[in-house]
Every structure is written in C-alpha cells, then in structure tokens.
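For clarity, every value in this text was computed on a predicted model and none was experimentally measured. Chain letters run A, B, ... following the sequence lines, proteins first and then strands; every chain starts at 1.
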Amino acid sequence: MAFTKILTQLAGGMWVSIQIFLVTLIFSLPLGLLVSFGRMSKNRVIEAIVKFYISVMRGTPLMLQLMVVYFGPYYLFGVKVGNGYRLWAAFIGFVINYAAYFAEIYRSGIQSMPAGQYEAAKLLGYSKNQTFFRIIFPQVVKRILPSVTNEVITLVKDTSLAFTISVLEMFAVAKALASSQTSLIPFVAAGLFYYVFNLVVAMLMEYIEKRMNYYQ
Amino acid sequence: MHVLEMNHVEKSFNEQNVLRDISLSVKEGEILSVIGPSGSGKSTLLRCATMLEQMDKGELFYLGEKAAWNGNDGTTVYAKKEKLKEIQKNYGLVFQNFNLFPHMTVLNNIIDAPIHVQKRSREDAVKEAKELLQKMGLADKADAYPCQLSGGQCQRVAIARALALNPKILFFDEPTSALDPELTGEVLKVIKSLADLHIAMVIVTHEMAFARDISDRVIFMAEGVIVEEGTPDEVFASNNVRTQNFLGRYGDIL
C-alpha cells in the first residue's frame, strides 16, 4: 500500500486531532485563567473547591478522565447519549484537564509579579481590573510563555488519548489501518504527523516568544 | 488649607512600633524633607500617607477631606472605597526602585493612566507627556523601553509619570537610593526644578545637602517618632543630641 494512500486515509483522523487540539487551546487557556483566580481566591471555600479540582485533574490519568466524561452521563445519571457525544466528550475532557494545568501556570506567573507593579498601579488610580489587564497580565504572558509551550507540545501528543473513547482521531485511524493491513507503516506515518505538527507548534511559539522580547 | 494632615498616627508590625504618635501637615506648595536613620519609620510614614499601608491608629486628611479617622474602638477607620479613590487623585508617589511598567514604552508609561484612569484624550495626554519629558531632559526617549534606560533616566520617567496626573502633593520615597552618585545628581536637579510648579512635596531622603537646599521644612525622625521639626537652618543647627548624632556624620560633607 502506497505511503500517499495511507496518508489520505489518515487525513480524516488528522483533522479530528487538529480539532481536539484547537478546541482545547481556545477554551482551556481562558478557562485556566478563571480557574487560577479561583485558586488564588480569598474565599476559602472557592479556593478549597478549585484546589481539589486541580489535584484530581493532575492526579489522575487523562485517559480515565475521558472515560468518566464519556460514560459518566449514562452510568451516573442514566442519561442516554448519542454517538455524536463522543467527540464532545473528548473536547470537554481535554478542556477541563488542560485548564487545570494552565491554571497552575498562570498562578505561578501572577504570583511572581513584584508587589511594586501593583503599588505603582494603585497610586496611579488604576482599578483592580485595569491593573490586572493593563499592567499585570501582559507581563505574566511573557513570563509563562516557555511553560505554556511545554504544555501545548504535550497536548499535541495527548490528543491521541481520545482513542480510548473511540474518537477516530489520527492515532485510532493509524491503529485500525495497521491491523487491517498488517503493516507498521501507518504508525510511522502517525509518528511523522505528530512530529511535524509539533515542529510547527514549536516554531510558532518561538516566533511569539521573539515578538515578546521587545523588553527584558 | 493643608494639603496633607496626619494626626497621631500609630503603626506597628508584629508588635514592633514603627510609627509612634506621628503628626504632621503640609501646606500647598510646601516642600518637606523627612530625614533620619534607616529603620526610623520614614518609609512606613510615606506608605501610610499614600495608603499603601493601613494605619493602626490616627487620622489622615487630604485638602480637608477625611480619608481616615479613629473609630469608636480607637483604631483607624478608612473612608468608603469611592471616597478614597477621589482622595487618591490628590497625590502621587515616586518609588525608590521606580516601578515603571517594563512592557510599556516611556511615553506609554506616562500617558496610560491619564488616558485610562482620568479619561483624557490621547492627543491631550501625549502633548503633556512630551512637555514633561522635555522638562526631564528625556525628549528623545519617548519610544524607548525602561530596560534601555539608566537608573537616573528611569527615575525621571517615574517622576514624569506621577506628574502627568497633576497631583497636589507628590511623595518621594528615597528617590536616589538606588542610584550611583552621578545619577543621583541628575535626579536631584530635576526634583529641584519642580519647586516652581508649586506642587507640595514630601521627600524621604538620605541626601542631607539636598534636603537642606530644597526644603521649606525638615523633619528628623528616629525610632518611630518625630524628634525634631523646623526650617532646614533650625534642624541642621540643632542642639538636640539625637539630631546632632545623626547629622554629625554628614557634617563634613555639608
């Protein structure tokens, strides 16, 4: 079987992987910021709840979390879900998992900001929101960019975990092809795909990091 | 009317009394220097005056408006948030380590608050910022980032940033402590040039010659109390033993 033919057959799976990747980033990055606020909340109850959420997300396998999100509605609440829920379950599972990781990255960045920046902003009359979005957050973004890059690269590879709930992403398709063709070539193609995908991601993040280098 | 009035201010950190019954006032356009050994409470006094720190006891007024007073239990009560925001517009603070916003250009550091806090037009804010930079001798640095400037230049930007909000009173917290002698000179020169703006200034400093030259009044603080207060001539020629001890070390350079 020609390599190009394998690639065309994998194309559908690639698109699903890319979808999981994009949806996860688009939703978990802002959600993570919100979660980090909860984590740093002065309200002890909110802090405790968010802390527990983060510890569960970081302390259990993503594979298991995906299964809970997919099977949970039926086994816990008796809600029948259609076949279309599969991809949604993957989206939800990835977003809530990655939001927890991003939250901790945001927190490390926000807490590393010197108190003087807040004091200067207060003296200049900025409101709390203005202080955060005009002064603190732009600097936090620069500080956390290397950690975010790490996480994003892990995400590319993690998308393959969606196969546990039978989402036909890249890796699931490659596996099916490999067993039907009794060939390892589909796995080689899959490996190549993840590698190139991450190469593009790394280049993009490097470009952003360079763009942020206008100050030290 | 007094721009600033503080009465019987007390402040302690972990049982240690940093400020003990401090009272002072500043008239419009007056320049007051606060001198004294390290750990005497000078910076804490400024931080209480600018409400970066909460007083334990005492009253705080700006232009006769009550910012803080003693409640029924004898400890300080602060005015409502909106009221404090209003009062806060009267003063600015220049920090020891500048605290410029590193991600903004010099110009943006200066115009950001006028535009987003005071809601002035961009045109107007830029025009004033350029004038201030001219006055600070930094006209060519508008588009530079703080990391590209020397400490002295950073401090002058910080002064311009504070002035851009047109405060009635400006506090300086050891503005030259982070600078070498050469850079200290250029910052002190700029502060001196502000005297004709008729903004009241409260300057915490270790530069004795500067304090003597520029001030209308000098306060000498030690161990959390005001030991002596008067014109520069009075304080620098004081017979008080504690004052003499402190100034003695500066005697040679004066």
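- Between chain A and the options B:Leu52, B:Leu165, B:Thr50, heavy-atom pairs under 4.5 Å are most frequent for B:Leu52.
- Among B:Leu100, B:Asn97, B:Asn99, the residue making the largest number of heavy-atom pairs under 4.5 Å with chain A is B:Asn99.
- Of the atoms belonging to A:Gln130, it is side-chain heavy atoms, and not backbone ones, that fall under 4.5 Å from chain B.
- Below 30°, between 30° and 60°, or above 60°: for A:Tyr85 and A:Tyr70 the angle between ring planes is below 30°, a parallel geometry.
- Between chain A and the residues B:Pro167, B:Pro102, B:Ala162, B:Cys147, the largest count of heavy-atom pairs under 4.5 Å involves B:Pro102.
- For A:Tyr214, the parts sitting under 4.5 Å from any heavy atom of chain B are the backbone and the side chain alike.
- Under the 30°/60° scheme for interplanar angles, the aromatic rings of A:Phe197 and A:Phe21 are found to stand perpendicular.
- Between B:His103 and A:Tyr215, the ring-plane angle classifies as tilted under the 30° and 60° cut-offs.
- For chain A, the option among B:Gln118, B:Met51, B:Arg161, B:Met104 with the highest count of heavy-atom pairs below 4.5 Å is B:Arg161.
- Taken to the nearest 0.5 Å, the CG atom of A:Asn97 stands 4.5 Å off from the CG atom of A:Leu62.
- Of the atoms belonging to B:Tyr91, heavy atoms from both backbone and side chain fall under 4.5 Å from chain A.
- Side-chain polar atoms of B:Lys89 and B:Asn166 form no donor-acceptor pair below 3.5 angstrom.
- Figure legend: A:Arg134 and B:Phe101 shown without cation-pi pairing, the cationic atom not lying both under 6.0 angstrom from the six-membered ring centre and within 45 degrees of its axis.
- Annotation: maximal heavy-atom pairing with chain B below 4.5 Å, among A:Met212, A:Lys122, A:Lys142, occurs at A:Lys122.
- Between the side chains of A:Gln65 and A:Thr60, at least one donor N or O sits under 3.5 Å from an acceptor N or O.
- Contact annotation for B:Asp112: both backbone and side-chain heavy atoms come within less than 4.5 Å of a heavy atom of chain A.
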